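The analysis underlying the following values was restricted to heavy atoms, covering all of them including side chains, and did not include hydrogens, waters or symmetry mates. As the structure is a computational prediction, the values presented were derived from the model and not from experiment. Index from 1, following the sequence. Numbering of ligands and ligand atoms starts at 1, following listing order.
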Amino acid sequence: MTTISSVLEMQRTADSVRLQGKRIGVVPTMGYLHAGHLSLIRIATQHADVVITTIFVNPLQFAPHEDFTRYPRDIERDSRLAEEAGTDYLFIPEQNEMYSSNHLTYVQTESLAEVLEGKIRPGHFRGVTTVVAKLFNITKPHVAVFGQKDAQQALLIQQMVRDLNFNIELNIAPIVREPDGLAMSSRNVYLNPEERKQSVLLSQSLLMAEKMIVEGERNSQIIKEAVTKLLYSQPLAVIDYVSIADASMLHEIEFLSSGTTALISLAVHFGKTRLIDNTIVRIS
Ligand code: AMP
């Protein structure tokens, strides 16, 4: 595995890989890699000849009060894990090379970016789509792999790729979970033992919602109330949102009629840590 930090060197490398007729797969991450990221890298190896993993904690997608400065970082460990999972090139750019002091151009996907995470974190998705567009232009991939863990982000990137004619195939990988169900996240290290114990409620409440639907419940309000009640059965949970929305445009759904594909998503704080999780349900 070769580590590259210069944008120009990454672009030249990508050009030469393309000239050899090889397919490039990219896995954009913010590092502090866990099994979820590694599953994305492995998927990329199945769809490309050369895999580029990128690590960049993107300041543009953090609000001033968020955790940009304390976001966990461990490049040495990440390098080892990325290589073991099949990365050929690890791209770790410097912040000042990604955003020069006169950076003026941003990519903004409307509507989809304004609900759920975007409503609670204004500007977040503008940062995400901007950095992903830049990473696409730097790594020149044929295929890019993202995680379903960030369901709204995956939708936005699919939309951006269509709208801006990026000639890139997208692959959205399933959520990798801890044995007790907690979705893997770099931020899970923030949780103290008590918060970690209570955080299992996120996946449990999604399972409960799925079970209610399987058993015939079609009223979203009733499901959301049951989820809220379960989450609040633990003293540390503070809910940002519980949403049942259509899985393509993210409009909230009141009644789950047959044929609907619904995205059930949650954002919950445990102490200082904000966790998100989701599941997709197809109503037969
Ligand atoms: P991040 O480093 O958090 O920006 O995530 C980088 C990529 O990994 C994104 O596409 C995420 O959706 C994906 N990802 C993060 N956690 C998981 C997980 N538990 N399972 C699958 N993919 C994940």
Minimum-distance protein heavy atom relative to atom 14 (N) of ligand 1: Lys149 CB, 4.2 Å
Atom 4 (O) of ligand 1 - nearest protein heavy atom and its distance: Met30 CG, 3.6 Å
His34: numbered ligand 1 atoms lying under 4.0 Å from its heavy atoms: 15 (C), 16 (N), 17 (C)
Distance-only N or O hit between ligand 1 and Ala183, under 3.5 Å: no
Mode of Arg177 contact toward ligand 1 - side chain, backbone, both, neither (heavy atoms, under 4.0 Å): neither
Per-atom contacts, ligand 1 versus Met184 - under 4.0 Å to a heavy atom: 16 (N), 17 (C), 18 (C), 19 (N)
Closest contact, heavy atoms only, Leu112 versus Leu156: CB-CD2, 4.0 Å
Protein contact to atom 12 (O) of ligand 1 [nearest heavy atom, distance to 0.1 Å]: Asp150 OD2, 2.6 Å
CD-CG distance between Gln204 and Asp277, expressed to the nearest 0.5 angstrom: 11.5 Å
Thr129 and Gln108: side chain donor to acceptor below 3.5 Å: no
Option among Arg187, Glu66, Glu117 that satisfies the side-chain contact (heavy atoms from CB on, under 4.5 Å) test with Arg274: Glu117
From the candidates Leu40, Ile157, Asp277, the one that places a heavy atom nearest atom 22 (N) of ligand 1: Leu40
Between Glu252 and Ser220, a side-chain donor and acceptor under 3.5 Å: no
Protein heavy-atom partner closest to atom 6 (C) of ligand 1 - residue, atom, separation in Å: Pro28 O, 3.4 Å
Closest protein heavy atom to atom 20 (N) of ligand 1, given as residue, atom name and distance to 0.1 Å: Val176 N, 2.9 Å
Distance filter under 4.0 Å to Pro174 heavy atoms, resulting ligand 1 atoms: 20 (N), 21 (C)
Contact atoms of ligand 1, heavy-atom distance to Phe146 under 4.0 Å: 10 (O)
Nearest-0.5 Å distance, NZ of residue Lys272 to CG of residue Leu191: 13.0 Å
Ligand-residue contact atoms, ligand 1 with Ile175, heavy atoms, under 4.0 Å: 20 (N), 21 (C)
N/O separation below 3.5 Å, Gly147 to ligand 1: yes
same_hphob_cluster(Ile253, Met208) at 4.5 Å side-chain heavy-atom cutoff: yes
Phe62 and His65 aromatic centres sub-6.0 Å: no
Phe136 and Phe146 aromatic ring geometry - parallel, tilted or perpendicular at 30°/60° bounds: perpendicular
Ser186 and His34, any side-chain heavy atoms less than 4.5 Å apart: yes
Atom 1 (P) of ligand 1: the protein heavy-atom neighbour that sits closest, reported with distance to 0.1 Å: His37 NE2, 3.6 Å
